[in-house]
Number of protein chains: 2
Amino acid sequence: MDVRQVFGTNVRRLRLEKGLSQEEFGFAAGIDRTYVSGVERGLRNPTLLLAEKFARGLDVELSELLRRSEC
Amino acid sequence: MDVRQVFGTNVRRLRLEKGLSQEEFGFAAGIDRTYVSGVERGLRNPTLLLAEKFARGLDVELSELLRRSEC
DNA sequence: CTGTGACTCTAAGTCCGTA
DNA sequence: CTACGGACTTAGAGTCACA
């Protein structure tokens, strides 16, 4: 499974657990809403700096967002 | 501490543990030698796909390369 | 062996909109 | 709310010669 999909899936899961919309999360994390959408679907290939921005916004460690749950 | 520096420091440490030069590692991982140099010094901001290439070359999980050892 | 500056070219990342 | 499109600016990818 692609890193981008692992990352995106984890982002979506954690975002939903927090009860946030893509827009709300994007605003809180300082990331464009359309970019959040693309990342969650595994279409984007974010840099380390951006990836950490996601992690901070979700209040988790970056390594957590890269953990493959299955497959 | 910056993610890029954490990443770079871990790459350098693991590369040296394997007894490889930047050139040797770069060749094995399919990454340019000078790019390896830049990453190890935290000057580059690689994407997830690139970061995973480093991980595969070092035979570790990507999340491993993002673990902060201290501070 | 490694660091560095400079370079081209592609993709990251933002912002506008619409369904 | 989210997917998806186009257009755009910036920064990363990838490489080189030289120190």
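For the numbers below, each heavy atom of this structure counts, side chains included, while hydrogens, waters and symmetry mates do not. Here is the naming used below: chain letters follow the sequence lines, and residue numbers restart at 1 for every chain.
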To the nearest Å, how far apart are [X] [atom1] and [N] [atom2]?
X       : N      : atom1 : atom2 : result
B:Glu24 : C:dC1  : CD    : P     : 7 Å
B:Phe27 : D:dT15 : CZ    : C1'   : 16 Å
A:Asp32 : C:dC15 : CG    : C1'   : 6 Å
B:Leu43 : D:dG14 : CG    : P     : 17 Å
B:Leu50 : C:dA12 : CG    : C1'   : 13 Å
B:Tyr35 : D:dC16 : OH    : P     : 16 Å
A:Leu49 : C:dA12 : CG    : C1'   : 12 Å
A:Arg12 : D:dC1  : CZ    : P     : 14 Å

Please tell me if [X] has a side-chain N or O lying less than 4.0 Å from either OP1 or OP2 of [N].
X       : N      : value
B:Thr47 : D:dA13 : yes
A:Ser37 : D:dA3  : yes
B:Arg15 : C:dC1  : no
A:Arg33 : C:dG17 : no

**Request:** Go through D:dT2, C:dG13, C:dC1 for me and flag the one nearest to the B:Ser21 side chain.
**Result:**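 My answer, after comparing the listed nucleotides, is C:dC1.
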**Message:** So if I take every side-chain heavy atom of A:Glu23 and compare against C:dT2, D:dC1, D:dC4, which nucleotide ends up nearest?
**Reply:**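 So the side chain of A:Glu23 is nearest to D:dC1.
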**Message:** Any donor-acceptor pair, under 3.5 Å, between the side chain of A:Arg44 and the base of C:dA12, if you only look at N and O atoms?
**Reply:**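 There is none.
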**Prompt:** Could one point to a donor on the side chain of A:Thr34 or the base of C:dC16 with an acceptor on the other under 3.5 Å away?
**Reply:**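 When only heavy-atom distances are counted, A:Thr34 does not reach the base of C:dC16 through any donor-acceptor pair under 3.5 Å.
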Heavy atoms under 4.0 Å, any strand shown: does [X] hit a base, just sugar-phosphate, or nothing?
X       : answer
B:Asn45 : sugar-phosphate
B:Ile31 : nothing
B:Arg4  : nothing

**Option from B:Arg4, B:Arg13, B:Arg12 for which salt bridge (Lys or Arg N to Asp or Glu O under 4.0 Å) with B:Glu40 holds** =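 Exactly one candidate clears the test, B:Arg12.
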**Request:** Rounded to the nearest 0.5 Å, what's the gap from CZ on A:Phe25 to CG on A:Leu14? Could you check?
**Result:**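 It is 9.0 Å, given to the nearest 0.5 Å.
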**Asked** Looking at side-chain heavy atoms only, is the closest gap between B:Asn10 and B:Leu66 below 4.5 Å?
**Response**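 No, too far: nothing below the 4.5 Å cut-off.
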**Message:** Closer than 3.5 angstrom, by distance alone: can the side chain of A:Arg68 be matched with the main-chain N or O of A:Met1 as a donor-acceptor pair?
**Reply:**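 Yes: the side chain of A:Arg68 pairs with the backbone of A:Met1.
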**Message:** Checking B:Ser37 against B:Arg33: is there a side-chain donor and acceptor pair closer than 3.5 Å?
**Reply:**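 B:Ser37 and B:Arg33 do not have a side-chain donor-acceptor pair below 3.5 Å.
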